[in-house]
**Student:** 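Handing you this structure, nothing more for now.
No experiment lies behind these values; they were computed from the predicted model shown.
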Amino acid sequence: MTADWGRYCSDGEPPQESVAVMGAGDLTEWDTASSKGSDGWPPAKIYDGGDRAEFVAKGPHSTTTLPWKKGSGFGDEVTVYEPIPARFVGSWRAEDGSHRVTFQQAAGGKPATGTIETLQGQRCLGSGVVTKKSADGVELGNFTVREGAETKNCPPEVFEHFYQVKTTESDMRLMELGKPPKPVATYERTGD
């Protein structure tokens, strides 16, 4: 069983808490697992004649699994994030020398991240989550400034811009959405 709830669910907002409940055999004992910040578990997938189950929640950029085994109960939730294309990973310097963008791949239960640091002018250093937008594009979201303040392209406007690298030999471009998208900045790969 699953139950999901939240303060404004009745108004159409997604839940903020979930509980998963599993029982086997004569159903006199039940195991429970609570999740905060969750918008719910889909029905469990049952394996091995009911001795094992998994709740699997698929999001647009990740999959979270909550395992259960008869006799030992629920295990830890495991989230696997979708990787970004490998050609983005590494450090890129803006052609005008104003800032550097560094992408790190998703791994070990962590999403791909992007860090931006200004190299000239007002200080801005921060990072956010990078998600795949298309075969040759990624987006940067949930950006947090750790030092200084937001400046031009640190960060680019969410839902208005994306980074594009067409081939492993290509420069990277910051593109503004539109028909067609137009380049805002060009980056060269650096050795650091």
**Student:** Knowing that exactly one of Glu95, His99, Arg93 qualifies, which makes a side-chain hydrogen bond (donor to acceptor under 3.5 Å, both in side chains) with Tyr187?
**Tutor:**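 Option passing the side-chain hydrogen bond (donor to acceptor under 3.5 Å, both in side chains) with Tyr187: His99.
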**Student:** For Gly23 versus Trp30, what's the shortest heavy-atom pair and its separation?
**Tutor:**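 Closest approach of Gly23 to Trp30, heavy atoms only: N-CE3, 3.5 Å.
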**Student:** Checking Lys152 against Glu150 for the side-chain contact (heavy atoms from CB on, under 4.5 Å) test, could you report, in this order, the C-alpha distance in whole Å, the side-chain angles of both residues, the deciding distance, and whether it holds?
**Tutor:** CA-CA 7 Å; Lys152 181 181 177 187; Glu150 290 187 9; over 6 Å; no
**Student:** To the nearest 0.5 angstrom, please state how far the CG atom of Asp136 sits from the OG atom of Ser170.
**Tutor:**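 One finds 9.0 Å between CG of Asp136 and OG of Ser170.
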**Student:** Can you find a heavy atom in the side chain of Thr2 that is under 4.5 Å from one in the side chain of Val19?
**Tutor:**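 With C-beta onward as the side chain, the pair stays apart.
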**Student:** To check you understand the geometry: which heavy-atom pair defines the closest contact between Phe143 and Leu140, and what is its length?
**Tutor:**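 Scanning both residues completely, I find the closest heavy atoms to be CD1-CD2, 3.8 Å.
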**Student:** Given the rule in the side-chain contact (heavy atoms from CB on, under 4.5 Å) test, do Glu188 and Trp92 qualify, once you have shown the distances and angles that lead to the verdict?
**Tutor:** CA-CA 5 Å; Glu188 296 175 347; Trp92 302 83; 5.8 Å; no
**Student:** Hydrogens and angles aside, do Ser91 and Thr190 bring a side-chain donor and acceptor to less than 3.5 Å of each other?
**Tutor:**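 A donor-acceptor contact under 3.5 Å links the two side chains.
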**Student:** Just checking, any donor-acceptor pair under 3.5 angstrom between side chains of Glu77 and Ser35?
**Tutor:**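 A donor-acceptor contact under 3.5 Å links the two side chains.
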**Student:** Nearest 0.5 Å please: distance from the CD atom of Gln164 over to the CE atom of Met172.
**Tutor:**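 Those atoms lie 11.0 Å apart.
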**Student:** Keeping Asn153 on the side-chain end and Pro155 on the backbone end, is there a donor-acceptor pair under 3.5 Å?
**Tutor:**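 Not a single qualifying donor-acceptor pair exists.
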**Student:** Please report the interatomic distance CD(Gln104) to CZ(Phe88), rounded to the nearest 0.5 Å.
**Tutor:**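 The CD atom of Gln104 sits 15.5 Å away from the CZ atom of Phe88.
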**Student:** Decide, yes or no, whether a salt bridge links Arg123 with Glu117 under the criterion of side-chain N to carboxylate O below 4.0 Å.
**Tutor:**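 Counted as a salt bridge, because a side-chain N and a carboxylate O are separated by less than 4.0 Å.
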**Student:** Counting distance only, does the side-chain N/O of Asp48 pair as donor-acceptor with the main-chain N or O of Gly50 below 3.5 Å?
**Tutor:**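 Side chain of Asp48 to backbone of Gly50, a donor-acceptor pair under 3.5 Å: no, none is there.
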**Student:** Does the side-chain contact (heavy atoms from CB on, under 4.5 Å) test come out yes or no for Arg87 and Thr167, once each step is laid out?
**Tutor:** CA-CA 7 Å; Arg87 64 180 166 271; Thr167 69; 5.6 Å; no
**Student:** Taking atom CG of Leu125 and atom CD of Glu147, what is their separation to the nearest 0.5 Å?
**Tutor:**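 Output value for this atom pair is 4.5 Å.
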**Student:** Between Phe55 and Thr65, is the side-chain contact (heavy atoms from CB on, under 4.5 Å) condition met? List the steps.
**Tutor:** CA-CA 6 Å; Phe55 292 88; Thr65 304; over 6 Å; no
**Student:** More than 12 non-hydrogen atoms from neighbouring residues, nucleotides or ligands closer than 6.0 Å to CG on Asn142, yes or no?
**Tutor:**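 Counting neighbours around CG of Asn142, 12 or fewer heavy atoms of other residues, nucleotides or ligands fall under 6.0 Å, so no.
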**Student:** Among side-chain atoms of Arg146 and Ser127, is any donor-acceptor pair under 3.5 angstrom?
**Tutor:**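 Looking only at side-chain atoms, Ser127 and Arg146 do form a donor-acceptor pair, the distance falling under 3.5 Å.
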**Student:** How about CD on Glu29, more than 12 heavy atoms from neighbouring residues, nucleotides or ligands closer than 6.0 Å, or not?
**Tutor:**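 At most 12 heavy atoms, drawn from other residues, nucleotides or ligands, come within 6.0 Å of this atom.
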**Student:** Once you round to the nearest 0.5 Å, how far does CZ of Phe74 lie from CE of Met22?
**Tutor:**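 Rounded to the nearest 0.5 Å, the CZ-CE separation comes out at 6.5 Å.
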**Student:** Does Val184 offer a backbone N or O that forms a donor-acceptor pair with the side chain of Arg173 under 3.5 Å?
**Tutor:**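 Answer holds: no.
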**Student:** Measure the spacing between CZ of Phe159 and NZ of Lys133 and express it to the nearest 0.5 Å.
**Tutor:**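 Going from CZ on Phe159 over to NZ on Lys133, the span is 10.0 Å.
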**Student:** Phe103 pairs by side-chain contact (heavy atoms from CB on, under 4.5 Å) with which of Thr115, Thr113, Val130?
**Tutor:**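 Result: among Thr115, Thr113, Val130, Val130 is the only option passing the side-chain contact (heavy atoms from CB on, under 4.5 Å) with Phe103.
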**Student:** Over all heavy atoms of both residues, which pair between Ile116 and Cys154 is shortest? Give the atoms and the distance, please.
**Tutor:**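 Closest heavy-atom pair between Ile116 and Cys154: CG2-SG, 3.6 Å.
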**Student:** Of the non-hydrogen atoms in Pro111 and Val129, which two are nearest, and what is the gap between them?
**Tutor:**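 The pair with the smallest heavy-atom distance is CB-CG1, 3.9 Å.
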**Student:** Backbone N or O of Ile84 within a donor-acceptor pair of the Gln105 side chain at under 3.5 Å?
**Tutor:**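 Here the side-chain-to-backbone pair exists.
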